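Written out below as C-alpha cells is the structure these notes cover.
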Amino acid sequence: MNLHSLRTQTTDPRERGTALGTRFGDQVSRIAELYLEHFATLAIPEAQVRAIATRSHEALRAWAPALAEESDACADASGVARWQVAAVGARTEILAACPAPGKGECSTAVFAPPGMPPQTMQTWDWHDSLVPDALLHELTPRAGRTVKLFTEFGVPGKIGVNSAGLGVHFNILFHATDATDATYATGTTNTTDATDTRHAADATARTLSLF
C-alpha cells in the first residue's frame, strides 16, 4: 500500500473535496474501478450496486450534507461518476447485499486503566488488492476543530481522532438494516467532525436511522 498524506485547512466541504479530487484523481478513479470489479466478482449486479450507493448517498445528504458535498466535489474533480465514488463510501452497505457474506474485517483493542488516558489499536484486515493507495488526511471541518484520519480514496474518513481528544475506530458489525441508510464510514467521520465527548458521539451516532 502506498500511503499518501494531505493537509487541508478550508472549512468548506466542496473546496476540500475538490482539493482531494484534483490532487488524487488517479487514485480516486482506480479505487472506484477496483471496488466495482470486486462487487461484480461477488455477484452483486451493477444496477443493485448503483441503487444502494445512490440511496445511501441520499441518506447521507439528509444526515450530514457537508460530507455528501465533499464526496460529490471529489468525484467531479476526479472525473469519476458521483455514484461510483459514493459506492466506495457505501461499500459496507453494498457488501451486505452479497449472496454469500464474508467473515468480516477489523479488530480493535482498547486499554483504559483508571486515571490514565486510554490507548487504542486497530488492525485493518481488508483485501490489499483493493487498496493500492490510502490517505492520511488532516482537515479542519469547522473553526476550532482539527481532525486527523486514515481512509481510502473516495471515503470521507474511517479511523481518526479530533483535537478535542475524541477518537473513533471502524469495525463491521452486521445489522438487519445494512444497505439501507447513510454509511457506517461516514457515520464515524461525522462523529469526529461534530462532537467533543463520548456521550455526544453516542447521541450523534444514534441519529442514524440504522439505530
Side-chain angles (χ1 to χ4, degrees), residues 11-18 20-21 28 31-32 35-36 38-39 42 44-78 80-99 101-102 104-106 126 130 135 137 139 141-142 145 147 149 151-160 162 166 168-195 200-211:
T11 58
D12 185 287
R14 289 203 63 84
E15 289 182 2
R16 185 164 50 249
T18 298
L20 282 163
V28 173
I31 297 300
Y35 267 103
L36 292 177
H38 183 63
F39 298 146
L42 295 176
I44 307 174
E46 181 176 306
Q48 186 176 15
V49 170
R50 183 166 185 167
I52 295 172
T54 300
R55 185 169 64 243
S56 180
H57 198 60
E58 289 172 351
L60 174 64
R61 192 176 304 282
W63 186 69
L67 294 180
E69 287 295 306
E70 180 181 326
S71 175
D72 287 345
C74 179
D76 293 346
S78 302
V80 180
R82 290 182 174 185
W83 76 265
Q84 293 180 344
V85 173
V88 178
R91 56 107 158 163
T92 299
E93 290 68 30
I94 293 169
L95 290 173
C98 180
E105 300 182 30
C106 309
W126 191 229
L130 290 177
L135 178 66
H137 188 186
L139 63 142
R142 56 185 172 88
R145 166 57 45 81
V147 176
L149 55 82
T151 191
E152 299 170 75
F153 287 102
V155 185
K158 286 179 175 288
I159 306 162
N162 67 23
L166 179 70
V168 294
H169 291 286
F170 188 79
N171 300 83
I172 283 188
L173 298 173
F174 290 106
H175 190 276
T177 59
D178 286 348
T180 61
D181 298 299
T183 71
Y184 291 98
T186 52
T188 63
T189 307
N190 197 41
T191 299
T192 51
D193 285 359
T195 61
D202 287 346
T204 296
R206 290 181 184 281
T207 62
L208 271 170
S209 58
L210 58 90
F211 284 95

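Just so we're clear, the structure is a prediction, and the values are computed from it rather than from any experiment. One-based numbering along the sequence shown.
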Going by an N to O cut-off under 4.0 Å, is there a salt bridge joining E93 and R55?
-> no
Smallest heavy-atom separation, R82 atom then A75 atom, equals CA-CB, 3.8 Å
Least distance between heavy atoms, A77 atom then T18 atom = CB-O, 3.7 Å
Any R91 side-chain heavy atom under 4.5 Å of E152 side chain = yes
Let me know which of T11, L20, L149 forms a side-chain contact (heavy atoms from CB on, under 4.5 Å) with L139.
-> L149
Could you tell me the separation between the CD1 atom of I52 and the NE2 atom of H57, rounded to the nearest 0.5 Å?
-> 15.5 Å
Look up atom CG in N162 and atom CZ in R142, then write down how far apart they are to the nearest 0.5 Å.
-> 8.0 Å
Heavy-atom nearest pair, A87 first then I94, reads O-CD1, 3.5 Å
Sorted by chain and residue number, the side-chain hydrogen bond (donor to acceptor under 3.5 Å, both in side chains) partners of E69 (sequence neighbours excluded) come out as R14, R61
Atom CD1 of I31 and atom CG of L36: how far apart are they, to the nearest 0.5 Å?
-> 11.5 Å
Is any side-chain heavy atom of P141 closer than 4.5 Å to a side-chain heavy atom of V147?
-> yes
Is F39 close to L95 at the side-chain level, that is, under 4.5 Å between some pair of heavy atoms?
-> yes
Shortest non-hydrogen contact from G89 to V155?
-> CA-CG2, 3.9 Å
Tightest non-hydrogen contact, residues P156 and G154, listed as CD-O, 4.0 Å
Are the side chain of T54 and the backbone of R50 linked by a donor-acceptor contact shorter than 3.5 Å?
-> yes
So, do Y35 and Q84 sit near enough that their side-chain heavy atoms are less than 4.5 Å apart?
-> no
For V85 and S71 the tightest heavy-atom approach is CG1-OG, 3.8 Å
Euclidean distance, H137 NE2 relative to T151 OG1, rounded to 0.5 Å = 10.0 Å
Does CD belonging to E46 count more than 12 external heavy atoms closer than 6.0 Å?
-> no
